[in-house]
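Some notes on the structure that comes next.
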Amino acid sequence: MPWDRNDMAARAAQELEDGFYVNLGIGIPTLVSNYVPEDYDITLQSENGMLGMGPFPTEEEIDADLINAGKQTVTELDRTSYFSSSQSFAMIRGGHINLSILGAMEVSETGDLANWMIPGRLVKGMGGAMDLVAGVQRIVIIMDHANKAGESKLLKKCSLPLTGQGVVDRIITNLGVFDVVEGGLKVIELAPEVTMEEVRNKTEATIVGS
Amino acid sequence: MPWDRNDMAARAAQELEDGFYVNLGIGIPTLVSNYVPEDYDITLQSENGMLGMGPFPTEEEIDADLINAGKQTVTELDRTSYFSSSQSFAMIRGGHINLSILGAMEVSETGDLANWMIPGRLVKGMGGAMDLVAGVQRIVIIMDHANKAGESKLLKKCSLPLTGQGVVDRIITNLGVFDVVEGGLKVIELAPEVTMEEVRNKTEATIVGS
Amino acid sequence: MKKVFSSADEALNGVLKDGMTIAAGGFGLCGIPENLIAAIKNSGVKELTIASNNAGVDDFGLGLLLQDRQVKKMISSYVGENDLFMQQYLAGELEIEFNPQGTLAERLRAGGAGIPGFYTATGVGTKIAEGKETKEFDGKTYVLERGLRADLAIVKAWKGDAQGNLTYRKTAMNFNPECATAGKITIAEVEEIVPVGSLDKMQIHTPGVYVQRIFAANHEKRIEQRTTRAA
Amino acid sequence: MKKVFSSADEALNGVLKDGMTIAAGGFGLCGIPENLIAAIKNSGVKELTIASNNAGVDDFGLGLLLQDRQVKKMISSYVGENDLFMQQYLAGELEIEFNPQGTLAERLRAGGAGIPGFYTATGVGTKIAEGKETKEFDGKTYVLERGLRADLAIVKAWKGDAQGNLTYRKTAMNFNPECATAGKITIAEVEEIVPVGSLDKMQIHTPGVYVQRIFAANHEKRIEQRTTRAA
């Protein structure tokens, strides 16, 4: 039984270590914050200039001057600090953030990532994604294994314009967990009842190892 | 009658314009602050991280956390802001400071400046001088016209290692005021009783124009 | 040297020119110089190049400048909230230069800091690096990005004083300090002008040297994504 | 992830290694991590490369590390207040790499910000640019300077909290924020550790992500040039 969105987010939460500074992308990655182990001290960075992002506000707490990188209203915590955009990306580019969990359209077996642009369609821009994948210590991707047409999103080579080259460390899909290693993708874990055969059938990228 | 230190500082104060942000070097340039016209709003920058430097403190006001770039205790003003070293030099390098008045060992007729190093002697370092001369909008030098051996410090070419190349706009010496122009130095003003002939005799650099 | 003006219109007097480059602070609709943007719209100035992380929404923020086609080119990292933008872009009426968000922030900071170019790993091997110089440092490839200055910077701060000192509030800071340093002329709109000396001297995020004109105004502070949890 | 330690010795435990590079905050004797320097002296670690604007005085600050010849190389902008330094330098026992002050500050900032190189006009046409690449931008020549990272950064702040958030006081800030970002490990000494949440969130000059260890200690705060005016 493949994982659903919440299963994938819960699995991604296992990537956290106590004391980590983490940047979560929009979409499923946001759900990861629901699965942080209670005894872990995790600090969320928001690239618009905030370290120590709190939960969404109550109606009374809403503050127009306090939003996250997805432009959603959020709250602050005791530990929170604020800073400007260049300082925020100095933190990201300089490798001070331990982990970023992001969504993707395509990932290649060499760790290339495409998640910002589909030629011929409306182009919205890459926001902070290119800086995150280039700078953060470890990049974990959460995405469905296949697109809506049923085609593998884990490819030998990305067909879409790249967000970063050789930047992905680990991919969590509805079928399992995959690491980018020498020669291709290595299966780290399978979702319940998912078989290696199923993975091989549904994956264009080279699966290496066992 | 050539100018003395205070005359030179007073003359240099004429370089100020209302609203200017100014960085003053150590030595005679420091005296310039005694001659700021009363109706002028001048803000002094200290490159160790302070905009809006006040006078020396009284004995009671001394604060070890509040010094200027010469490591002297100073005071703050209502307008004062503090910032880090990279921010201070962003301000300097980015051309946001209107004027810097500095001392010199030698100046060439093309505006080269040497004021940080005498080979074979103790080398103390350039501090912020290279950044100031490269970044500040206008560089005015105050120095004696001749060294202790009686030799001109306004040269065709500097003999000492440079602080900056083609960076000096104006030189104020005990004999007069000189601008770096096409072809050499132009006399802007002479100290009382100083003649053009005396200046020509005592200057190695090319004197152009009248 | 009077820096305090009474309104956006007054502060912009004599500054605007067709074809100029403007750096505008703000992230989404948070911390945007909304009064200056409205005044620029009313001025009718045209052919603008605007460096701003986003392009506002159709009827607020920089989106207002698109209504009368005052913008020639945007330098932005994300413009997804603006339908009008997309229409004009797809019709070839509007040029867009996408910059990764961190690269845009650093370009503005570098421009203001007298750094004409810097190297970053961001975008290496992507379309963003096409046509740009690359260089290896310690075996890794980086792309050369240029410092960015603007003829005019428009920023929004929380409080400011007559010396031009500014302090920001929470994530409304964002690109404002960088834009303030990158402007040949910088105009700041604030919620309140306070007496010189009343701002905490360790919390002046933009020292007055960067600000040529300042005025106080009301701010709508529209919220783009109002998200809440149960009380 | 406990960041709070009880002393300089405890905070340095397991960190020091012969031959390592240390970035040290401070300007002259103002805002120097004096307790960490004393503990490094007592540790006996050798062959250090130290990036610091100045080298202290003979009997205080980084000068202490010269007494037992623990320093192999200084990266500084000005070392004029230190006779011992001069003796060792002239005897060929100590290497010095002079960096213009602004270049040193920017190198540390760039190192911490993931920027391996940047261009500056500072030093072009001088000895400082010898052997370095230059490049023209818009008809003007600039020299390529490298980002600088350190194995260890030692900084001094005014107040800090258990999350590693730091705030500085007046000109004792100086190079400390830049050094904090440039250290692979950063240790901060503060005058007071305050409860998390009590620092003004808009005035945290160094966010906790940059600080791995922190301790509170007394500070002598020696004054180099005591200059006063009549009361």
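Numbered from 1 within each chain, the chains take letters A, B, ... in sequence-line order.
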Hey, is [X] close enough to [Y] for a salt bridge, meaning N to O under 4.0 Å?
{"X": "Lys156(D)", "Y": "Glu34(D)", "answer": "no"}
{"X": "Glu15(A)", "Y": "Arg138(A)", "answer": "yes"}
{"X": "Lys127(D)", "Y": "Glu97(D)", "answer": "no"}
{"X": "Asp179(A)", "Y": "Lys186(A)", "answer": "no"}
{"X": "Glu191(D)", "Y": "Arg169(D)", "answer": "no"}

Can you tell me which portion of [X] sits under 4.5 Å from chain D's heavy atoms? Options are side chain, backbone, both or neither.
{"X": "Ile92(A)", "value": "neither"}
{"X": "Thr80(A)", "value": "both"}
{"X": "Phe83(A)", "value": "side chain"}

- Counting only heavy atoms not in Ile26(A), do more than 12 sit closer than 6.0 Å to its CD1 atom? no

- Message: Using only non-hydrogen atoms and a strict under-4.5 angstrom cutoff, which residues of residues 44-72 of chain A touch chain D?
- Response: Leu51(A)

- Task: Could you check which of Phe89(A), Tyr82(A), Tyr40(A) has the highest count of heavy-atom pairs closer than 4.5 Å to chain D?
- Result: Tyr82(A)

- chain D interface, residue from Glu17(A), Glu76(A), Gln87(A), Arg93(A) that has the most non-hydrogen pairs under 4.5 Å: Arg93(A)

- Apply the test salt bridge (Lys or Arg N to Asp or Glu O under 4.0 Å) to residues Asp41(A) and Arg79(A): give CA-CA distance (whole Å), side-chain angles for both, the deciding distance (0.1 Å), then the verdict. CA-CA 11 Å; Asp41(A) 188 21; Arg79(A) 72 181 55 185; 2.4 Å; yes

- Note on the structure: Most heavy-atom pairs under 4.5 Å with chain A, out of Pro195(D), Gly208(D), Gly112(D), belong to Gly112(D)

- Task: Name the member of Pro207(D), Gly114(D), Gly197(D), Ala113(D) that forms the most heavy-atom pairs with chain A at distances under 4.5 Å.
- Result: Ala113(D)

- Looking at the rings of His96(A) and Tyr210(D), which for Trp means the six-membered one, are their centres under 6.0 Å apart? yes

- His145(A) ring center near Phe178(A) ring center (under 6.0 Å): yes

- Message: Taking side-chain contact (heavy atoms from CB on, under 4.5 Å) as the criterion, tell me which of Ile171(A), Val107(A), Val208(A) meets it with Leu185(A).
- Response: Ile171(A)

- Portion of Asp161(D) that has a non-hydrogen atom of chain A nearer than 4.5 angstrom: neither

